[in-house]
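Below is one structure, written out as structure tokens, with a few remarks after it.
To find a chain, count down the sequence lines: A is the first, B the second, and so on, and within it residues start at 1.
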Amino acid sequence: MRTAADLRLDMGAVDYGMLLFYFVVVLGIGLIARRQVRTSLDFLLSGRSMPAWMTGLAFVSANLGATEILGMAANGAEYGIGTMHYYWIGAVPAMVFLGLVMMPFYYGSKVRSVPEYMRRRFGPGAHVANAIAFSVSSLLIAGINLYAMSLVIEALLGWPSWFAILVSAVFVLAYITLGGLSSAIYTEVLQFFVIAAGLIPLTVVGLKAVGGWDGLQEKVAAGVGEGHLHTWQGTGIGDVTNPIGADWLGLVLGLGFVVSFGYWTTNFAEVQRALSARNMSAARRTPLIAAFPKLFIPFVIIIPGMIAVVTVQGLGSAGGPTYNDAIPALIGEYLPTGVLGVAVTGLLAAFMAGMAANVSSFNTVFTYDLWQDYVKPGMPDGYYLKVGRAITVVGVLIGVSTAFIAAGFSNIMNYMQALFSFFNAPVFAVFLLGLLFKRITPKAGLWSYLVGLAVPVTIYVLYTADVLHFQSALAETMWGSIWSFVSVVVVAVLVSAFTRPKPERELGGLVQGVGTIDVAGDHVAGDTAWYRSPALLGAVALVLCVVLYLPFL
Amino acid sequence: MSQHASEDLSGLSETDRRAVRFARRFDLRNIIGLVFAVYGVVLLVLGALNGEQDREQAAGISINLWTGAPMLVVAVAFFLWAWRSPRPVSELVPGHGEPSPRVE
């Protein structure tokens, strides 16, 4: 039986050379991006100059960190092909909604961050609360990414985890402080291709080793059960037999609507990539272009997880490697020197990009939404550029210390899901109401948001104190999100009934049906081409969501 | 195409012209191309040298050759793309041909 020590990879000099080469290139990207930084907007939002293909791929990559790759492969091993739900009813429909419905409000109002939209729509109270909550959550999640990365580096390369944490933190710090968001976006795009060049050969070799797709199906059915080969079978209400343990309504409403829409449409680490795009058309296409890789990424993450469960002995059983080790174990088993170097480089690159996305969104919110708006307004722009650089250093240092908080949790995926239920669900609910109904008042925005934050935290505390009971930690976070959403709606409606709304002339371009948003005014040559139509891209992505399910019903 | 690119630059100051040339030379597509070219060549050489070992570990597939060759193709595609359609000046020089971004 394999143990953790067996995960140590047989890295040759060539593999280390490839890893080192990548690190040098990334530092070079930092230096190149630095040449283009003249203002705080250049540093914190790439001067709003990025083409859509770059922001789109960065949008995918910012989420493709340590926890995503290892976590989704682990889910693939534990729950089988049903993990596709995270992509096909989770991420992609939410990304289409962001591009088609929400992005005109974000980009059209020229806000520089998601909290800034909150200020324009609801005023300073909700704004401060949201900016602080976002800053805290980014730093906690940066810590999780760092910690997850250090665990893998320790297992694969044998570096002590504190050393791995420090090396990667210093590295992220170096290239973000140099080139700001441009560094982060360039690196994310490069990383996307490198991780693909590592995961595709891994999937091909793994499939060949188990006798192709047919062989994998036979082995999975015999080894862990037929249920692992189906996505919707066994999800009837009251007749739940699928490995995830949720019925179709729970999947669609909980995972699909509240959790995924909350994450993809309001998480500034994602939305920021679109806000850095060069015009409205590119900003709207950012999540839509991202949707296409997102549709297919699970094939090179979840399928390796399923291969691992039938080839790695004792995976997920007591004393054996954990489900999180699925991809590292396969890499060690099947990839010879050369491709091995590409795969390890891709993994480490993904881990750093996840952390960099948190840091580069945190510094923007801190600089613009807290420092410039409330602490020291009215300074020359060069001052805020300096603040942006300085707070990047502070953010990384705090991220390192929160990595040690993450180390205290036995299951970091659950810790992360709990954080998402605290922070994403209430923002999403407040945004959706504020965006759709002009009657929602500033006071309603503030109080419903605060209640929406308090509810999931309370549920989590009661759950850990054994007062409330749920089927699993995952179920707890799903219900925490749903109750947060419901409480926001109730409080917002009640408070709005007794307080005064903002005058309509202040809401132009911020609320559905008030004023108009010009989605074509800043078109550049070629933006009217049919293949750049947001509606078409979104529709094709949604159709693919349905079609891709067909072989795996 | 490169002729067209240099035409773009005539109306710019010397500093801006240098900035545009720099940004185009170090276009992200060229950087991705470079990384994939280097990795592709390394994998092809390794695949040629230890074919037997590779196949033994990778379920009978010469995985270094089969990964290295597509990576080289991708590298060439990125170089060609960057060369055929350089980034427009308006993206690279702030305030060129459009109002400069609003700074509050």
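- Within 6.0 Å of CD on B:E14 lie more than 12 heavy atoms contributed by other residues, nucleotides or ligands.
- Neither the backbone nor the side chain of A:Y368 comes within contact range of chain B, judged by heavy atoms closer than 4.5 Å.
- In this structure, A:I29 CD1 and B:I31 CD1 are separated by 4.5 Å, a value rounded to the nearest 0.5 Å.
- For the pair B:Y39 (side chain) and A:M18 (backbone), a donor-acceptor distance under 3.5 Å is present.
- Within 6.0 Å of CZ on A:R34 lie no more than 12 heavy atoms contributed by other residues, nucleotides or ligands.
- Neither the backbone nor the side chain of A:L340 comes within contact range of chain B, judged by heavy atoms closer than 4.5 Å.
- Once rounded to the nearest 0.5 Å, the distance linking CD1 of B:I32 with OH of A:Y186 reads 11.0 Å.
- The greatest number of non-hydrogen atom pairs below 4.5 Å with chain B, out of A:V204, A:V194, A:V210, A:L45, is found for A:V194.
- In this structure, the separation between OH on A:Y334 and CD1 on B:I61 is 11.0 Å, given to the nearest 0.5 Å.
- The minimum heavy-atom distance linking B:F36 with A:A197 is given by the pair CZ-CB, 4.1 Å.
- For A:Y16, there are no ring-ring contact (aromatic ring centres under 6.0 Å, His included) partners, not counting sequence neighbours.
- When heavy atoms are compared at a cutoff of 4.5 Å, B:V42 approaches chain A solely by way of its side chain, counted from C-beta outward.
- Scanning residues 69-81 of chain B against chain A with a 4.5 Å non-hydrogen threshold yields B:M71, B:F78, B:W81, sorted by number.
- What you find for B:L43 and A:V339 is that their closest heavy atoms are CD2-N, 3.5 Å.
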Apply side-chain contact (heavy atoms from CB on, under 4.5 Å) to A:V342 and B:T67, showing your working.
CA-CA 10 Å; A:V342 177; B:T67 309; 5.8 Å; no

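- Proximity to chain A (any heavy atom under 4.5 Å) is shown, for B:I63, by both the backbone and the side chain.
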Does the pair B:R87 and A:R278 meet the rule for a side-chain contact (heavy atoms from CB on, under 4.5 Å), with working shown?
CA-CA 12 Å; B:R87 287 183 73 182; A:R278 66 183 170 192; over 6 Å; no

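- Residue with the most contacts toward chain B among A:T337, A:V25, A:T345, A:I200: A:T337 (heavy-atom pairs, distance under 4.5 Å).
- Looking at B:V38, the atoms closer than 4.5 Å to chain A (heavy atoms on both sides) all sit in the side chain, from C-beta outward.
- When all heavy atoms are compared, the tightest approach of A:P336 to B:D54 is CB-OD1, 3.4 Å.
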